Amino acid sequence: EIEGLALDSRAVSSNFVFAAIKGTLVDGHRFIPTAIANGATCILAQELPEQLTEGVCYLLSDQPSIALGHLASAFYEHPTADLKVIGVTGTNGKTSIATLLKNCLTSLGYQVGLLSTIQIEIGEEILPSTHTTPHAIAIQSVMHTMVEKGCDYVIMEVSSHAAHQQRIAGIRWTGGIFTNLSHDHLDYHKTYDHYIKSKKSFFDGLPSSAFALSNKDDKNGAVMFQNCQAKKAYYSVDQLSEFKAKVVEQDLTGMHLHINEKDLYARLSGRFNAYNITAVYAALSLLGFESEESLVALSQAKGAKGRMDWVKNKENIIGIVDYAHTPDALLNVLTTLKQLNSLDGNIITVVGCGGNRDQEKRPKMAHIASEYSNQVILTSDNPRDEEPNLIIQQMEAGIPLHKRLNTLTIEDRKSAIKTACSLAKANDLILVAGKGHELYQEIKGIKTPFNDKAFLQDFLQTENI
């Protein structure tokens, strides 16, 4: 009789299965003796230990991560067989699409679960999220809870790490959505080709009964469909596709779109959000919803926290918080702000880069900030175990010489935001990029409370939050 599953030997109790997985930093095989001492009666492993313990069952697998996903699904009574699960993958837009789709399905009268970068939602219940995609045991456990709570649909972000590490094994998919692919996570994947293949593996695993939806305007959109057995469809803004959108008009409060020649007035703005909205409309169509009910739901839906989240004060200075932490995402936000900057105010950008992450993108992000802003303040993001000043120095390398006079370096993020607010004049736009929804700053392993939007509100003396 199995009482539970664990990846951490410290979480093992009596009659548990312990999964000994070789990770990027630690080999789980080292902890088999500890797991058995704590009560494990079954060990899932890639290699047998030198000494076998009597009374313990050993399961050997060349791909233990995949085996774990199916074991976890069985242990939790195959929850995804009773749910319609839609996965969203890509570099940018995962959280926005997942949140929009969840909100639309909820407004259409369904009980919906969400696993996102920001949080896990089970209907109205909200749980904290530690990873974009949790490990296989946690996924199946929360899916089981979602079934018990009466969920009909689950929308789930699928990170490239999770796809590569087989954390999504054992899930029965109803559909998959690809957003785009740009420079990110090369600290883990090492090469762009490996990054692409990790994303593509998600689509390779979709069953023929599922739908696969891809961004035709992205150069890797068609790549995702190679070897994919699911029903395929494209969405786009530029090229012709099954689901084609056109931006008619927009400002900071929203935009007017034509999607397949039908009118939609959405609460979100920006070309990148046109893609997100179109992807959700397409997904709803592929799930069988009529276009009119989908358009009504989309017109009422709000976006994800920390994505183009803005406040405005009496002097008409607008502060925007956005999670943009990749070169492509930062470019998308800044080009949108330039387009929407009808009063020709200055754009002041506060930006940093996370520590223990891909270093190649640091000078690129600083370069983009300098090209599309009147003033740039380089600061700290989540430096983690790295020295903040070294990260900033790597960013500075991307600033062209003729832009150096318009660039400040302020390591303390709160001071950087305060300085941006003090420099701003009427009609200026302040972008604080990189952390978005996060309510902490991580330095040397310690997370301290930090809220970009709250500081903007405080320094701009605005009550809009």
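All of these numbers come straight from a predicted model, not from anything done at the bench.
- Judged purely by atom type and a 3.5 angstrom limit, Lys199 uses its side chain to pair as donor or acceptor with the backbone of Gly90.
- Looking at Asn276 and Leu268, their side chains never come closer than 4.5 Å, going by heavy atoms from C-beta outward.
- The CE atom of Met143 sits 5.5 Å away from the CG atom of Leu115 when rounded to the nearest 0.5 Å.
- Judged by distance alone, the side chain of Asp218 and the main-chain N or O of Leu181 form a donor-acceptor pair under 3.5 Å.
- Side chain of Glu157 to main chain of Thr117: a donor-acceptor pair is present (N/O by atom type, distance under 3.5 Å, no hydrogens or angles).
- Residues in residues 226-251 take part in these salt bridge (Lys or Arg N to Asp or Glu O under 4.0 Å) pairs, two or more places apart or across chains: Asp238-Arg271.
- Each salt bridge (Lys or Arg N to Asp or Glu O under 4.0 Å) pair with one or both residues in residues 272-289, not counting sequence neighbours, would appear here, but there are none.
- In this structure, the side chains of Gln165 and Ser65 stay at 4.5 Å or more apart for every pair of heavy atoms.
- Here the side chain of Thr335 pairs a donor or acceptor atom with the backbone of Asn332 at under 3.5 angstrom.
- Closest non-hydrogen pair, Ala324 versus Val333, comes out as CB-CG2, 4.2 Å.
- Annotation: the span from Ile120 atom CD1 to Met146 atom CE amounts to 6.5 Å, rounded to 0.5 Å.
- Within the structure, side-chain hydrogen bond (donor to acceptor under 3.5 Å, both in side chains) pairs that include any residue of residues 97-107 comprise Lys102-Glu121 (at least two apart or interchain).
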- What do the steps show when you test Arg167 against His161 for side-chain hydrogen bond (donor to acceptor under 3.5 Å, both in side chains), and what is the final call? CA-CA 8 Å; Arg167 290 186 230 155; His161 295 67; 5.6 Å; no
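- The ring of Tyr110 has its center closer than 6.0 angstrom to the ring center of Phe289.
- For residues 393-410, the pairs satisfying side-chain hydrogen bond (donor to acceptor under 3.5 Å, both in side chains) are Gln359-Gln394, Arg362-Gln394, Glu396-Thr409, with sequence neighbours left out.
- Applying the salt bridge (Lys or Arg N to Asp or Glu O under 4.0 Å) rule to pairs touching residues 365-385 yields Arg384-Glu442, sequence neighbours excluded.
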- Message: Determine whether Tyr275 and Asn215 satisfy the following criterion, side-chain contact (heavy atoms from CB on, under 4.5 Å), listing intermediate values before the conclusion.
- Response: CA-CA 8 Å; Tyr275 282 99; Asn215 179 356; 3.5 Å; yes
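- For Phe450 and Tyr440, the gap between ring centers reaches or exceeds 6.0 Å.
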- Message: Test side-chain contact (heavy atoms from CB on, under 4.5 Å) on Lys312 and Thr462; report intermediate values, then the result.
- Response: CA-CA 6 Å; Lys312 183 168 73 172; Thr462 172; 5.5 Å; no
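- Between Ala169 and Gln140, the closest heavy-atom pair is O-NE2, 4.0 Å.
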- Query: Can you list the steps and then say if Ile348 with Asn374 is a side-chain contact (heavy atoms from CB on, under 4.5 Å)?
  - Reply: CA-CA 6 Å; Ile348 303 169; Asn374 303 94; 5.9 Å; no
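- Atom NZ of Lys84 sits in a sparse spot, with 12 or fewer heavy atoms from other residues, nucleotides or ligands closer than 6.0 Å.
- Taking NZ of Lys453 as the start and CG of Asp458 as the end, the distance is 14.0 Å to the nearest 0.5 Å.
- No donor-acceptor distance shorter than 3.5 angstrom exists from the side chain of Thr278 to the backbone of Tyr235, with no hydrogens or angles considered.
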- Query: Under the side-chain hydrogen bond (donor to acceptor under 3.5 Å, both in side chains) criterion, do His144 and Glu148 qualify, and how do the steps go?
  - Reply: CA-CA 6 Å; His144 177 73; Glu148 289 184 326; 3.3 Å; yes
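- With sequence neighbours left out, Tyr265 forms a ring-ring contact (aromatic ring centres under 6.0 Å, His included) with His256.
- Closest approach of Thr174 and Leu83 over heavy atoms only: OG1-O, 4.1 Å.
- At a cut-off of 3.5 Å, with distance as the only test, no side-chain donor of Asp204 or Asn227 sits close to an acceptor on the other residue.
- Between Leu68 and Leu7 there is a side-chain heavy-atom pair separated by less than 4.5 Å.
- Residues meeting the side-chain hydrogen bond (donor to acceptor under 3.5 Å, both in side chains) test with Ser201, sequence neighbours left out: none.
- Put simply, the side chain of Asp217 gets close to the backbone of Gln239: a donor and an acceptor are under 3.5 Å apart.
- In this structure, CD1 in Ile318 is found 6.0 Å from CH2 in Trp310, a value given to the nearest 0.5 Å.
- When atom types are taken as modelled, the side chain of Asp322 and the backbone of Met308 share a donor-acceptor pair closer than 3.5 angstrom.
- Around atom NZ of Lys216, more than 12 heavy atoms belonging to other residues, nucleotides or ligands sit under 6.0 Å away.
- The salt bridge (Lys or Arg N to Asp or Glu O under 4.0 Å) contacts involving residues 431-440 comprise Lys435-Glu438, where partners must be two or more places apart or lie in separate chains.
- When the side-chain hydrogen bond (donor to acceptor under 3.5 Å, both in side chains) test is applied to Ser422, no partner is found at least two apart in sequence or on another chain.
- Here the closest non-hydrogen pair linking Ile391 and Cys353 is CG2-O, 3.5 Å.
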- Message: side-chain contact (heavy atoms from CB on, under 4.5 Å) for Leu340 and Thr336? Distances and angles first, verdict last.
- Response: CA-CA 6 Å; Leu340 302 183; Thr336 297; 3.8 Å; yes
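- Looking only at distances, a side-chain donor or acceptor of Lys361 sits under 3.5 Å from a matching main-chain atom of His325.
- Between Ile97 and Ala279, the shortest heavy-atom contact is CD1-CB, 3.8 Å.
- For the atom pair Leu423 CG and Asn346 CG, the distance stands at 10.0 Å (nearest 0.5 Å).
- Applying the ring-ring contact (aromatic ring centres under 6.0 Å, His included) rule to Tyr234 yields the partners Phe225; only residues at least two apart in sequence or on another chain are considered.
- Checking side-chain atoms of Thr179 against main-chain N and O of Asn92 turns up a donor-acceptor pair under 3.5 Å.
- Counting only residues at least two apart or on different chains, no side-chain hydrogen bond (donor to acceptor under 3.5 Å, both in side chains) pair has a member in residues 284-305.
- Counting all heavy atoms, side chain and backbone alike, Ile443 lies closest to Pro383 at CG1-CG, 3.6 Å.
- Taking the charged nitrogens against the carboxylate oxygens, Glu387 and Lys444 do have a contact shorter than 4.0 Å, which makes a salt bridge.
- For the atom pair CZ (Phe202) and OG (Ser160), the distance works out to 13.0 Å, reported to the nearest 0.5 Å.
- Within a 6.0 Å sphere centred on OH of Tyr372, heavy atoms belonging to other residues, nucleotides or ligands number 12 at most.
- A ring pair (Phe, Tyr, Trp, His ring centres under 6.0 Å) check over residues 338-366, counting only residues at least two apart or in different chains, returns nothing.
- Counting only distance, with no hydrogens or angles, the side chain of His258 and the backbone of Glu261 share no donor-acceptor pair below 3.5 Å.
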